[in-house]
Amino acid sequence: DLEDVHMCIEAALIEKIGDPGRKLHTGRSRNDQVALDLHLWINEAGWALIDAIKGVQRSFVELSKRAGQIVMPSYTHVQRAQPIVVGGELLAWANAFYRADIRTFYAISGTQFQNPLGSGAIAGSSLPLDRTFTADLTAFPCISSSAIDGTASRDCAADFLYALSMIAMTLSRWAEQWIIYATTEFSFITLDSRYTTGSSMMPQKRNPDMLELIRGRCGNVYGHLVALLTILKGLPIGYNRDLQEDKRHVFVAYDIVCDSLEMATRIVNTTKFNEEKIKAGLDRGFLDATSLAEYLVTKGVPFRTAHQIVGSLVRVCEGHGYHKLAQLDLLHFNAACEAAKQKKVCGKDIYDWLGPENVVKRYQTYGNAGVSGFEEQLKTWEGLLNGKPAPQAPAKKPAKTKKKK
């Protein structure tokens, strides 16, 4: 007999308290009520989402404590790049989720979270209602300055869906990386059997189905964001019934991301890095080539020239069937320097710069993915998870540039 949920609530209130319940709708509309309700829901959901993100961050930090000092290759273009420690990569994921944390916080506390209650259907009310009184009773003490915009805006929903999409994207990237790491070809990690499934035909298989589902559901979240933006893009300024469709997209996307975050936390907490397998292949790919170029830089060789010298040395190794630059002797190193019109600059200390284990100990720059960077970042993350503010990287004031006449 009642038109919608708003009328159901009002009828229940009247039944409970009588005539005062009939006064409640004075100066109100379903338009400003539903706008407020959505604000309230997104605020509550956002804080729950931040807690779930922190759970994932904590799992990466804990895994880095267990496996962080293992030396492994890093990858660009899915090709071997430079040696790093496992902890450097794990805390890189924690850092990516930190941005998700910040993005979610701004999505639920931005300027669009202005209390619309009292805006009525579109134009406000001729009664002298005190909008600040009801605003003070909610989580949004700032009231909307435009009755029209207050009832018509769904920016908060779009911003929240964007934050959800970015979380889903980060989860999908991580899932893809670990799917690769779990292959027989890599065997960098072993996933817990609770989060893999077998094949109906091949008894040896351990398929990373949970990671694949996390990766696959990212597309669903993107779809909900695009769907909401498509709904909003054709609406004139004022409430339209199309806005009833906003919640189905926000609610479903939120459920998907929360489920994915919970599953990600469980997977990270139970995954093991296979140190022996990783170590067995560390000598492939000349991971210390950049370190050798930087050694030459310390001897006064320009970096671009050093880059060319090391490239020639890699070709020498390949010609001799060597897998490591350290297999070359000093004659090879200095001959390559002389060929590039550089003096004999290489001494026995060159071997301290070669080999992945040596390289990860030599990184010095802030935020590096070697031993010093990992240890510094781990301390930061332990502080963050215990409520301490994030330290900022040292920054210099930019130099003033002279204006052209």
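Remember, predicted model here, so these are calculated numbers, not experimental data.
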Quick one: does [X]'s side chain get under 4.5 Å of [Y]'s, heavy atoms only?
| X | Y | answer |
| --- | --- | --- |
| H224 | V250 | no |
| Y363 | P83 | yes |
| S125 | T26 | no |
| V268 | V56 | no |
| Q57 | V61 | no |
| E89 | M72 | yes |
| L225 | L164 | no |
| L90 | F273 | yes |

Using 0.5 Å steps for rounding, measure from the [atom1] atom of [X] to the [atom2] atom of [Y].
| X | Y | atom1 | atom2 | value |
| --- | --- | --- | --- | --- |
| E275 | Q69 | CD | CD | 10.0 Å |
| D32 | N115 | CG | CG | 9.0 Å |
| E212 | T196 | CD | OG1 | 10.5 Å |
| M7 | L2 | CE | CG | 6.5 Å |
| Q114 | C142 | CD | SG | 4.5 Å |
| D51 | D101 | CG | CG | 9.0 Å |

Would you name the heavy atoms of [X] and [Y] that are closest together and state the gap between them?
| X | Y | value |
| --- | --- | --- |
| T151 | G120 | CG2-O, 3.3 Å |
| T305 | A340 | CG2-CB, 4.1 Å |
| D159 | A107 | O-CB, 3.9 Å |
| V85 | F374 | CG2-CB, 3.7 Å |
| N334 | V345 | OD1-N, 3.1 Å |
| A152 | L243 | O-CD1, 3.9 Å |

Look only at the side chain of [X] and the backbone of [Y], and say whether a donor-acceptor pair between them is shorter than 3.5 Å.
| X | Y | answer |
| --- | --- | --- |
| D192 | R194 | yes |
| H307 | F303 | no |
| S109 | F105 | yes |
| N269 | T265 | yes |
| R131 | L117 | yes |
| S291 | W353 | yes |
| S74 | Q82 | yes |
| S172 | M169 | no |
| T380 | E376 | yes |
| R215 | M210 | no |

From the options D37, L38, V252, select the one residue that forms a side chain to side chain contact (heavy atoms under 4.5 Å, CB included) with K247.
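With K247 as partner, side chain to side chain contact (heavy atoms under 4.5 Å, CB included) holds for just one option, L38.
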Check the pair W174, I214 against side-chain contact (heavy atoms from CB on, under 4.5 Å), reporting the backbone distance first and the verdict last.
CA-CA 9 Å; W174 159 74; I214 289 172; 4.0 Å; yes
Verify the neighbour count for atom [atom1] of [X]: are there more than 12 heavy atoms of other residues, nucleotides or ligands below 6.0 Å?
| X | atom1 | value |
| --- | --- | --- |
| E357 | CD | yes |
| R217 | CZ | no |
| Q204 | CD | yes |
| H25 | NE2 | yes |

Examine the side chains of [X] and [Y] and answer whether a donor and an acceptor come within less than 3.5 Å of each other.
| X | Y | result |
| --- | --- | --- |
| S119 | R28 | no |
| S372 | N368 | yes |
| Y295 | D349 | yes |
| D209 | T197 | yes |
| Q177 | Y181 | yes |
| N274 | T190 | yes |

Parallel, tilted or perpendicular: which describes the rings of F188 and F186, with under 30° parallel and over 60° perpendicular?
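The rings of F188 and F186 stand perpendicular, inter-plane angle above 60°.
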Aromatic ring pairing F60/W93, orientation class (parallel under 30°, perpendicular over 60°, tilted between):
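Parallel.
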Show your reasoning for whether side-chain contact (heavy atoms from CB on, under 4.5 Å) applies to V71 and K279.
CA-CA 7 Å; V71 182; K279 187 175 181 180; over 6 Å; no
Taking the six-membered ring for Trp, are F251 and W41 closer than 6.0 Å centroid to centroid?
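Yes, close enough.
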Should the pair R266-E262 be classified as a salt bridge under the 4.0 Å nitrogen-to-oxygen rule?
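Yes.
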Is it true that E62 and K65 have a side-chain N and a carboxylate O under 4.0 angstrom from each other?
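K65 and E62: salt-bridged.
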Under the criterion salt bridge (charged side-chain N to carboxylate O under 4.0 Å, His left out), I'd like the reasoning laid out for E245 against R248: C-alpha separation, chi angles, the key distance, then a yes or no.
CA-CA 6 Å; E245 297 298 303; R248 70 172 72 250; 2.6 Å; yes
Begin with the C-alpha distance, continue with both residues' side-chain angles, and end with the deciding distance and a verdict on salt bridge (charged side-chain N to carboxylate O under 4.0 Å, His left out) for E10 and R22.
CA-CA 8 Å; E10 186 174 302; R22 292 185 174 89; over 6 Å; no
Checking salt bridge (charged side-chain N to carboxylate O under 4.0 Å, His left out) for the pair R315/E318: CA distance, chi angles, key distance, verdict?
CA-CA 5 Å; R315 290 190 291 274; E318 292 172 339; over 6 Å; no
Can you sort out the partners of D4 under salt bridge (charged side-chain N to carboxylate O under 4.0 Å, His left out), two or more places apart, ordered by chain and number?
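Salt bridge (charged side-chain N to carboxylate O under 4.0 Å, His left out) check on D4 returns R30.
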In sequence, state the C-alpha distance, the side-chain angles, and the governing distance for Y162 and Y222, and then conclude on ring-ring contact (aromatic ring centres under 6.0 Å, His included).
CA-CA 8 Å; Y162 175 73; Y222 285 1; 9.5 Å; no
Would K379 and E375 count as a salt bridge (charged side-chain N to carboxylate O under 4.0 Å, His left out) here? Give the steps.
CA-CA 6 Å; K379 290 178 182 177; E375 291 175 348; over 6 Å; no
Run L328 and C317 through side-chain contact (heavy atoms from CB on, under 4.5 Å) and show every step you take.
CA-CA 7 Å; L328 298 174; C317 285; 3.6 Å; yes
